[in-house]
Structure formats: structure tokens, C-alpha cells
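Whatever order the structure lists them in is the order used to number ligands and atoms, beginning at 1. Quick note: residue numbers are just sequence positions, from 1.
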Amino acid sequence: MDDAAKDLGRCAVVLPAGGCGERLGSLTPKQFCTVLGRPLISHTLEAFERASWIKDIIVVVASESLDLMKAIIHKYGHQRVTLVKGGETRHRSIFNGLKVFSENHSDDTAIDKPEVVIIHDAVRPFVDEDFLLQVAKSAKQHGAAGAIRPLVSTVIASSSDGFLDYSLERARHRASEMPQAFQYDVIYRAYLQCTDYDLDFGTECLHLALQYSNVKAKLLEGPPDLWKVTYKRDLYAAESVIKESISQQLCIVTNVKKEAIEVGFLLHENLKLHYKQVKAVSSSMCKTIHHLQNIFHGQCCNFICINVKDLDFEETQNLVDLLQTTNASISYPLVIVSVHLTTEDSSSGNKLSGVRKLAKEAHKSNILVYGLLINIDQDKVQLQQTVCEGTAIITALIKDRNPALVGQLMVA
Ligand SMILES: Nc1ccn([C@@H]2O[C@H](COP(=O)(O)OP(=O)(O)OP(=O)(O)O)[C@@H](O)[C@H]2O)c(=O)n1
Ligand SMILES: O=C(CO)[C@H](O)[C@H](O)COP(=O)(O)O
């Protein structure tokens, strides 16, 4: 991707994050609300860090949130971030963010002026690198560019007495979304010239570029996930989108004993129908995290670990130990379904206390361990049916990532 961005020149992003989230109605401003255990803004930052061609990430926060933001940057290891104090309105916050690049910026936080600057609300966590590059390149070519989406509802105007005045033809209008990008001089010049009324009541950066720099923005239809977290339900939706995206890959770690391989094979066949990628690896293979990472050429958040009767929890414990040596669980909660192959005469009581103890420890490092018993003392057809039921349980556990079920032992 860096190659594709080579003609772009220096590029930076300003993320306004200085609002109080009144419409969401929480005491915590929405950019700091947790989504799958991590502040929303940290998810947005991660999306921008993936684009290594974006050299500077300017986060604009209210003065009272500076310490909190510093702590988030430190905890999640965010890179390339500069913090700037926000203003009374979104436009004023963005203007403050843009000022760090200006020649007149006197203090020691001045940063090299970018050719292209992206502006993106900190509360829109789902933006992919391809689209960012498309918007940035378009801005370089046309001076300004912004994401649009088709309108969901028709826009109407009401008169002061609350009656319909007129309505807009929906097919001819679009919703303006983020990201937007600008040649830096185009947008900075516009902010320098605009009125206090614009800064206090305006909601559209593309409009400022048109009105004050005479630049017509190129409009690009973006993917559907660009929406802004505004109401409480948007936090739930954001969590679902993230859960969905980290539940596409699955790694089955099996013991090499015959019965484990047999159940591992059946699980693999069933789970293939539910996941984009399922890979099986023998536990002896994944003694180092290097092996594990190579399996997916990236991050995998979901594991099934098959333990045979006489080894009890050894395989799961090894996997937990291995995952704890990585940073993987800092970003997202990892799931391990600890599968235990049992026979009619084995007792599940020991298993229950074992899985609870192990899960409690693992939970401290954001690894969610759930137990699943599979009785292998049955004929082939029955076993296939049991594995099928086990697959449904595994799929539900991975999809929900429910901390309340950590350490529970389920029976297929
Ligand atoms: N003074 C402000 C107001 C808003 N924003 C940021 O602008 C983005 C989009 O604004 P909006 O969704 O309106 O956020 P809030 O102003 O926080 O929400 P509300 O309008 O419901 O209070 C958010 O990332 C928000 O933090 C900002 O940087 N400075
Ligand atoms: O949609 C947008 C594109 O310009 C802005 O994100 C929106 O205008 C922000 O406004 P508000 O802070 O009032 O929600």
C-alpha cells in the first residue's frame, strides 16, 4: 500500500475528539466509551495506524480529557499521535488541529506541513485503508474530496409552525460522511477566512472549502460502515461490527492422539461452513508464537483446543501461556474453547473446577476461556451429531464473546 501512496506527498490526519456526546446521553464522552473492552477512539486510531503512509495523527481533545487520552495512547501503544486542545465546537476543534502544521504555530509542537490532510471524526471507527487512500488521492487531484452515502430517509423542511414546507428529491441528494481530505492550503485558508457563525454553527468542512477557497469537492461513495456513533444504539452496533470482523478465522489446536485427531477433523469439517478460514495445527507445532502467527499471516482471535482425557488441561494451559506472551489480547478479547473428550465413566466435576480456575487466570489477560465436553464413547453417526451440536455452541461462544460465561463447562 505504501507504493500506491507514493505520489501523494506528505499526508496527515486530524481526528476531532473534543465533543461531549450529548445525544448519546452518557457521562463519558462517546469517544471514550468502551467497545469490546477498549475505548472507541482506540479502535479509530488503529484504523489510521494501519495506513503507514499517514505520517501524523493529530487527535483533538477537550482540555479535561488530555490525561485520559494520554493514558489510552500509552496503554494501547498508539504511534505517531500528537494531542491538541479542542474548541467549543467541532469546527473550532478541527481548526485547532490544522493549526499545528501552520508556519505561525510558535510552540514546540509544530509539525511539518502535509500536502494532503484527512479530516475524520474520531467516533467513526470503521474506515479502511483503501478508501482512505482513494479520498486522499482525490483531494490531491481536485483540492478536496469527501465520502458520501445514499440517503436512508427523505429530507424535509418544516415551517416555523411545524408544518411541511418542502421536501428534497431523495435520489438527487446524498448524506455527507467522513473521511474527507483536502490539500492542506485549501482547507487552512478556508478556516482562516470563515466567520464566527461558520465556526459555531457549521457542520460541513467541504462547504468551507467551496465557499472560502472556491474548491469544489469530489464526492466518492463510501462503504456502509462509515456511520458516526451518535446514539447509544450505535455503540452496540459498533460492537457487533467488530465482533463480526474478528470472528472470521479460527485455529484448531489438537493433540496428536488418535481420538483428538478424529474429533478435530470432524470439527474442522463442520466449522468450515461457518468461518472464512479454519486451520488445524497440532499442539506440538505451536510451541512458539512464531509458529502460531505464521498460520494466519496475521492476527487470529479464536482458538479451539482439544484436550484428551489423560492430559486434562495441559493443551489449553500451554495455549494460554503462549498467547499471554503476545500483545494480541490487548486489541481484542481472544477466545479459547477448551474441548474435552470424555467417556461415559469420566467425571465432569473435576473438569468444571479445572476450567474455572484456568479461565479466571486467563481472563486477567483478556483471554476468554470456555469449556466444552464431547462424549466420544458413541458410534460414528452419534459422534457426528454431537460434534455438530458442539459446533453450534462454539460458534455462539465466539460470536458473543460473553465475559459472563467465562469458565463455564458446556456439554455437546
Ligand atoms: N467541540 C467539539 C465537538 C465535537 N467534536 C468531535 O466531532 C466529532 C463529531 O461530532 P459529534 O458526533 O456531534 O460529537 P459530539 O459533539 O460529542 O456529540 P453531540 O453533538 O451529541 O454532543 C466527534 O468525534 C466529536 O468528539 C470536537 O472535536 N469538538
Ligand atoms: O456528517 C458530517 C460530514 O460533514 C459531520 O461528521 C457532521 O457534520 C458532524 O456534525 P455533528 O457534529 O453536528 O454531528
At what distance is the nearest protein heavy atom to [atom], and which residue and atom is it?
| atom | value |
| --- | --- |
| atom 11 (P) of ligand 1 | Lys30 NZ, 3.6 Å |
| atom 8 (O) of ligand 2 | Thr203 O, 2.6 Å |
| atom 12 (O) of ligand 2 | Arg90 CD, 3.6 Å |
| atom 1 (N) of ligand 1 | Gly87 O, 3.0 Å |
| atom 15 (P) of ligand 1 | Gly21 N, 3.7 Å |
| atom 8 (C) of ligand 1 | Asp121 OD1, 3.4 Å |
| atom 14 (O) of ligand 2 | Lys228 NZ, 2.6 Å |
| atom 10 (O) of ligand 1 | Arg90 CD, 3.9 Å |
| atom 22 (O) of ligand 1 | Glu22 N, 2.7 Å |
| atom 28 (O) of ligand 1 | Gly18 N, 2.7 Å |
| atom 26 (O) of ligand 1 | Gly19 N, 2.9 Å |
| atom 6 (O) of ligand 2 | Asp121 OD2, 2.6 Å |
| atom 1 (O) of ligand 2 | Ser176 O, 3.1 Å |
| atom 4 (O) of ligand 2 | Glu204 OE1, 3.0 Å |

| request: Give a yes/no verdict on a cation-pi contact between Lys99 and Phe95, requiring under 6.0 Å between NZ or CZ and the six-membered ring centre and an angle within 45° of the axis. | output: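 Verdict for Phe95: a cation-pi partner in Lys99.
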
| query | Can the positive tip of Arg38 be found less than 6.0 Å from the middle of the six-membered ring of Tyr332, inside 45° of the ring normal? | reply |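 The answer is yes, since Arg38 meets both limits relative to Tyr332.
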
| field | Side-chain donor-acceptor contact under 3.5 Å, Ser93 with Asn96 | value |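 No donor-acceptor contact under 3.5 Å links the two side chains.
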
| message | If we count only N and O atoms by modelled type, under 3.5 Å, do the side chains of Gln134 and Asp130 hold a donor and an acceptor together? | response |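 Absent: no donor and acceptor within the cut-off.
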
salt_bridge([X], [Y]) N-O dist < 4.0 Å:
| X | Y | answer |
| --- | --- | --- |
| Asp200 | Arg92 | yes |
| Asp56 | Lys113 | no |
| Glu361 | Lys357 | no |

| said: At under 4.0 Å between heavy atoms, is it the side chain or the backbone of Arg23 that contacts ligand 2, or both, or neither? | reply: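 Contact part for Arg23 vs ligand 2: side chain (C-beta onward).
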
| Residue portion contacting ligand 2 (non-hydrogen atoms closer than 4.0 Å) for His120 |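 Neither part.
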
| query | Which residue, Tyr191, Tyr184, Tyr188, forms the ring-ring contact (aromatic ring centres under 6.0 Å, His included) with Phe101? | reply |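 For Phe101, the ring-ring contact (aromatic ring centres under 6.0 Å, His included) check succeeds only for Tyr184.
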
For the residue pair [X] and [Y], establish whether any side-chain heavy-atom pair is separated by less than 4.5 Å.
| X | Y | result |
| --- | --- | --- |
| Leu132 | Trp53 | yes |
| Phe303 | Leu323 | yes |
| Lys228 | Met178 | no |

Which ligand 1 atoms are under 4.0 Å away from a heavy-atom of [X]?
| X | answer |
| --- | --- |
| Arg23 | 11 (P), 12 (O), 13 (O), 19 (P), 20 (O), 21 (O) |
| Val123 | 23 (C), 24 (O) |
| Gln31 | 26 (O) |
| Glu88 | 1 (N) |
| Ser93 | 1 (N), 2 (C), 27 (C), 28 (O), 29 (N) |

Under 4.0 angstrom from ligand 1, any heavy atom of [X]?
| X | result |
| --- | --- |
| Thr230 | no |
| Pro29 | no |
| Gly86 | no |

| task | For residues Phe126 and His43, establish whether the separation of their ring centroids is below 6.0 Å. | result |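 Not under 6.0 Å, so no.
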
| task | Indicate, as side chain, backbone, both or neither, the part of Arg92 found under 4.0 angstrom from ligand 1 when only non-hydrogen atoms are considered. | result |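 Arg92 to ligand 1: no contact under 4.0 Å from either part.
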
| said: Using a 4.0 Å heavy-atom cut-off, which part of Pro16 comes near ligand 1: side chain, backbone, both, or neither? | reply: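 Looking at Pro16 and ligand 1, atoms from backbone and side chain both fall under 4.0 Å.
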
| task | List every atom of ligand 2 that sits less than 4.0 Å from any heavy atom of Arg124, numbering the atoms from 1 in the order shown and giving each element. | result |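 Under 4.0 Å from Arg124, ligand 2 has these atoms: 1 (O), 2 (C), 5 (C), 6 (O).
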
| Quick one: which ligand 2 atoms are inside 4.0 Å of a heavy atom on Gln180? |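 So the atoms of ligand 2 that pass are 3 (C), 4 (O).
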
| Sole candidate of Arg401, Lys399, Gln248, Gln249 that passes side-chain hydrogen bond (donor to acceptor under 3.5 Å, both in side chains) when paired with Asn302 |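 Exactly one candidate clears the test, Arg401.
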
| message | Evaluate Glu177 for polar contact with ligand 2, using N/O atom pairs at a separation under 3.5 Å. | response |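 Between Glu177 and ligand 2 (N or O atoms, distance only) the closest approach is not under 3.5 Å.
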
| field | Qualifying residue for side-chain contact (heavy atoms from CB on, under 4.5 Å) with Ile304, from Leu250, Val335, Leu372 | value |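 That would be Leu250; it is the only one of Leu250, Val335, Leu372 passing the side-chain contact (heavy atoms from CB on, under 4.5 Å) with Ile304.
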
